[in-house]
2 protein chains.
Amino acid sequence: MLQRAQARITRALEAELLLGHDLALASYDVLTRLAESPDRRLRMNDLADRVLLSRSGLTRLVDRLQRDGLVEREACPDDARGLFAVLTDDGAVRLAEATPTYLRGIRAHLLGALGADELRRCAAVLAGLAGPPPGEG
Amino acid sequence: MLQRAQARITRALEAELLLGHDLALASYDVLTRLAESPDRRLRMNDLADRVLLSRSGLTRLVDRLQRDGLVEREACPDDARGLFAVLTDDGAVRLAEATPTYLRGIRAHLLGALGADELRRCAAVLAGLAGPPPGEG
DNA sequence: CTTAGAACGTTGCACATGCATCTACATAGG
DNA sequence: CCTATGTAGATGCATGTGCAACGTTCTAAG
């Protein structure tokens, strides 16, 4: 249930971001992680973990983002093996433009895909899995 | 938040099903939909909708499932354009074997990825989006 | 210093997927 | 009957992804 709802939402978001901002969802995710990191930069490895993408997947994705000027690679002074992925100004702008679309999409599609009722049931399921709240019972 | 948690769970589930039962998550989903349908069969088109896969994607996936003997195609008597995808006995067995893995995985990874606390917060977020329950307030 | 092993990121390959297109069949209008 | 339009699935192509393997660099042990 959660599975399918999420798949629907993901695909809708993907389409909207792509259409409106020429950004894949994975790209949006990468830009977000970079934006919220100190100096807008992250080691490729760390980024791969946060973005839930394999190393190779990230390599290619950053290739594309770099080609589009949204991200740059910088050598890591401490470790010659390492590379930083750095959010460019253009990248920050694109991200800022896309964020409202993203947030609106989450809200709209979450409600649209499930309906308030199912949403409540999902909430109940999650709450049940989590166990009773600590300050109660 | 939900996004990334779900991605993590999906990938973990995918890996476990693949390793333990040689079933991709998409395949598991297809088998499930067929199993819960009357006569264990569904038109390709209907199946594609329920499984959240494009038509072409489903064509290929059913190709693979058919190759592995888990599903068969049957002509549709009413409409010569149409095809049924039918769950075979082998398919039903594989599905039955995989289901415990799936359910255990959902529970384990949902809790593992988020922790009871975050889970409660997610539940609260969903509940908030859904609005107040009808029988209250 | 030298060597062995680990870690970081990239690349070759295989594969699943979507979009656009195609064919076959169905349905409506003449 | 014949034609036009729509629908069900399949296929060509491009793309994004992961796994395994590779080269480079770091770290530890001698």
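The analysis underlying the following values was restricted to heavy atoms, covering all of them including side chains, and did not include hydrogens, waters or symmetry mates. Note on naming: letters A, B, ... go to the chains in the order of the sequence lines (proteins, then strands), and numbering restarts at 1 for each one.
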Taken to the nearest 0.5 Å, the spacing of A:Leu87 CG from A:Glu36 CD works out to 11.0 Å
Once you apply a heavy-atom cut-off of 4.0 Å, does B:Asp63 come out as touching a base, just sugar-phosphate, or nothing? nothing
Would you indicate, yes or no, if C:dT17 has its OP1 or OP2 atom less than 4.0 angstrom from a side-chain nitrogen or oxygen of A:Arg11? no
Would you indicate what B:Ala26 reaches in the nucleic acid, counting non-hydrogen atoms under 4.0 angstrom: base, sugar-phosphate, or nothing? sugar-phosphate
What is the distance, rounded to the nearest whole Å, between atom CG of A:Leu18 and atom C1' of D:dT15? 12 Å
Please determine whether a side-chain nitrogen or oxygen atom of B:Asn45 lies at a distance below 4.0 Å from atom OP1 or OP2 of D:dG9. yes
Over all strands shown, is B:Arg55 touching base, sugar-phosphate only, or nothing at heavy-atom distances under 4.0 angstrom? nothing
Using side-chain contact (heavy atoms from CB on, under 4.5 Å) as the criterion, point out the one residue from B:Val30, B:Leu31, B:Thr101 that pairs with B:Leu23. B:Leu31
Rounding to a whole Å, what distance do you find between A:Arg81:CZ and C:dG5:P? 17 Å
Using whole Å, what does the distance between atom P of nucleotide C:dG9 and atom CG of A:Asp49 come to? 10 Å
Can A:Asp68 and A:Arg94 be counted as an ion pair, charged N to O under 4.0 angstrom? no
Please pick, from D:dC26, C:dC25, D:dG9, the nucleotide with the shortest atom-to-atom distance to any side-chain atom of B:Ala80. C:dC25
Once you round to the nearest 0.5 Å, how far does CG of B:Leu47 lie from CZ of B:Arg55? 10.5 Å
If you find the nucleotide of DNA chain D closest to B:Arg60 and the one closest to B:Leu42, which residue's nucleotide is nearer the 5' end? B:Leu42
For C:dG9, does OP1 or OP2 lie under 4.0 Å from any side-chain N or O of A:Arg73? no
Can you measure B:Leu65 atom CG to C:dA16 atom P for me and round it to whole angstrom units? 11 Å
Whole-Å distance, B:Leu23 CG to C:dA16 P, equals 13 Å
Give the rounded distance in Å between these two atoms: CZ of A:Phe84 and C1' of C:dG9. 14 Å
Rounded to the nearest Å, what distance is computed from the CG atom of residue B:Asp78 to the P atom of nucleotide D:dA8? 14 Å
Provide, to the nearest angstrom, the distance between the CG atom belonging to B:Leu53 and the C1' atom belonging to C:dA16. 9 Å
Whichever of A:Thr59 and B:Arg64 has the more 5' nearest nucleotide on DNA chain C, that residue is A:Thr59
Is it the case that C:dC19 (base atoms only) and B:Ser54 (side chain only) share a donor and an acceptor within less than 3.5 Å, ignoring hydrogens and angles? no
Show the nearest heavy-atom pair for residues B:Met44 and B:Thr59, with the distance to one decimal. CE-CA, 4.1 Å
From the candidates C:dC19, C:dT17, D:dT25, the one with an atom nearest any side-chain atom of B:Leu61 is C:dT17
